[in-house]
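Computed from a predicted structure; not experimentally measured.
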Amino acid sequence: QVQLVESGGGLVQPGGSLRLSCAASGNIFSIDTMAWYRQTPGKQRELVATITTGGITNYADSVKGRFTISRDNAKNTVYLQMNSLKPEDTADYYCKAHIWTTGVIRRLDIYWGQGSPVTVSS
């Protein structure tokens with residue numbers, strides 16, 4: 001009933017930029033915190049950045065100053081602008097959202113996007 005659809009991943013050279021998007025759709029009442037995570041084979045999924053409904057952001061130390069998370073509440077969409085990309089940023093990137101859904105009983109659940117592969121290589 002709720003879907004998060006990601007777009008924007010791909011191959012980029014070191015030092016380049018990419019922008020990821022994640023759009024939520026379905027029976028949404030409101031969206032609380034949204035976030036981006038990333039995961040490489042054999043490792044745990046790690047938090048990259050978070051943003052509250054009011055726009056307060058938080059970043060992993062490894063991406064501070066290079067990545068920017070933003071959101072468009074009217075479009076139920078979160079973005080991740082990635083600049084000065086490094087080979088170690090190569091991973092599958094996942095968006096996450098805390099969403100209140102409509103219905104007889106309003107409830108808060110966590111939803112994940114399908115994952116967007118990002119490869120940083122020359």
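- Hydrophobic clustering (side-chain heavy atoms under 4.5 Å, transitive across Ile, Leu, Val, Met, Phe, Trp, Tyr) keeps L18 apart from Y94.
- With sequence neighbours left out, S62 forms a side chain to side chain donor-acceptor pair (under 3.5 Å) with R38.
- Under the 3.5 Å distance criterion, the side-chain polar atoms of T68 are left unmatched by any main-chain donor or acceptor of L80.
- Counted within 6.0 Å of CD on E88, heavy atoms from surrounding residues, nucleotides or ligands total more than 12; the atom is thus considered enclosed.
- Remark: side-chain polar atoms of R45 are not paired, donor with acceptor, to backbone N or O of Y93 under 3.5 angstrom.
- Using a 4.5 Å cut-off on side-chain heavy atoms (C-beta onward), H98 and K96 make contact.
- For Q3, the CD atom counts as loosely surrounded, since its 6.0 Å shell holds 12 or fewer non-hydrogen atoms of other residues, nucleotides or ligands.
- S70 is linked by a side chain to side chain contact (heavy atoms under 4.5 Å, CB included) to Y79, counting only residues two or more places apart in sequence or in another chain.
- Y37 and Y111 fall into different hydrophobic clusters, where Ile, Leu, Val, Met, Phe, Trp and Tyr side chains are chained together by heavy-atom contacts under 4.5 Å.
- Hydrophobic clustering keeps W112 apart from V2 (ILVMFWY residues linked when any side-chain heavy atoms are closer than 4.5 Å, directly or through intermediates).
- Note on L47 and I110: same hydrophobic cluster, where clusters join Ile, Leu, Val, Met, Phe, Trp and Tyr whose side-chain heavy atoms are under 4.5 Å apart, directly or indirectly.
- Tracing side-chain contacts under 4.5 Å through hydrophobic residues (I, L, V, M, F, W, Y), one reaches V12 starting from F67; they form part of the same cluster.
- Closest non-hydrogen pair, T40 versus T90, comes out as CG2-O, 3.1 Å.
- Side-chain contact between S121 and L11: present, with at least one pair of heavy atoms (C-beta onward) separated by less than 4.5 Å.
- Salt-bridge formation is not detected for the pair K86/D89: no Lys NZ or Arg NE/NH1/NH2 atom is positioned less than 4.0 Å from an Asp or Glu carboxylate oxygen.
- Distance CD/Q1 to CG/N27: 4.5 Å, rounded to 0.5 Å.
- Contact of the T57 side chain with the T50 side chain is not registered, since no non-hydrogen atoms from C-beta on lie closer than 4.5 Å.
- Considering only heavy atoms from C-beta on, F29 stays 4.5 Å or farther from T101 through its side chain.
- Here the side chain of Y59 pairs no donor or acceptor atom with the backbone of R66 at under 3.5 angstrom.
- Looking at S21, its side chain never comes within 3.5 Å of a backbone N or O of E6 through a donor-acceptor pair.
- Without hydrogens or angle criteria, N58 side chain to A49 main chain gives no donor-acceptor distance under 3.5 Å.
- Summarising the geometry, atom CH2 belonging to W36 is positioned 8.0 Å from atom CE belonging to M82; distances are rounded to the nearest 0.5 Å.
- Looking at heavy atoms from C-beta onward, D109 lies out of side-chain contact with I99 at the 4.5 angstrom threshold.
- Side-chain contact between T53 and I31 is absent, with no heavy-atom pair separated by less than 4.5 Å.
- You'll find the side chain of L20 reaches within 4.5 Å of the side chain of V118, heavy atoms only.
- Here the CD1 atom belonging to I56 is positioned 13.0 Å from the CD1 atom belonging to I69, to the nearest 0.5 angstrom.
- A distance-only check finds no donor-acceptor pair linking the side chain of Q81 to the backbone of R19 [under 3.5 Å].
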Given the rule in the side-chain contact (heavy atoms from CB on, under 4.5 Å) test, do D32 and T52 qualify, once you have shown the distances and angles that lead to the verdict?
CA-CA 6 Å; D32 288 352; T52 67; over 6 Å; no

Apply side-chain hydrogen bond (donor to acceptor under 3.5 Å, both in side chains) to N83 and S17, showing your working.
CA-CA 4 Å; N83 298 329; S17 298; 2.9 Å; yes

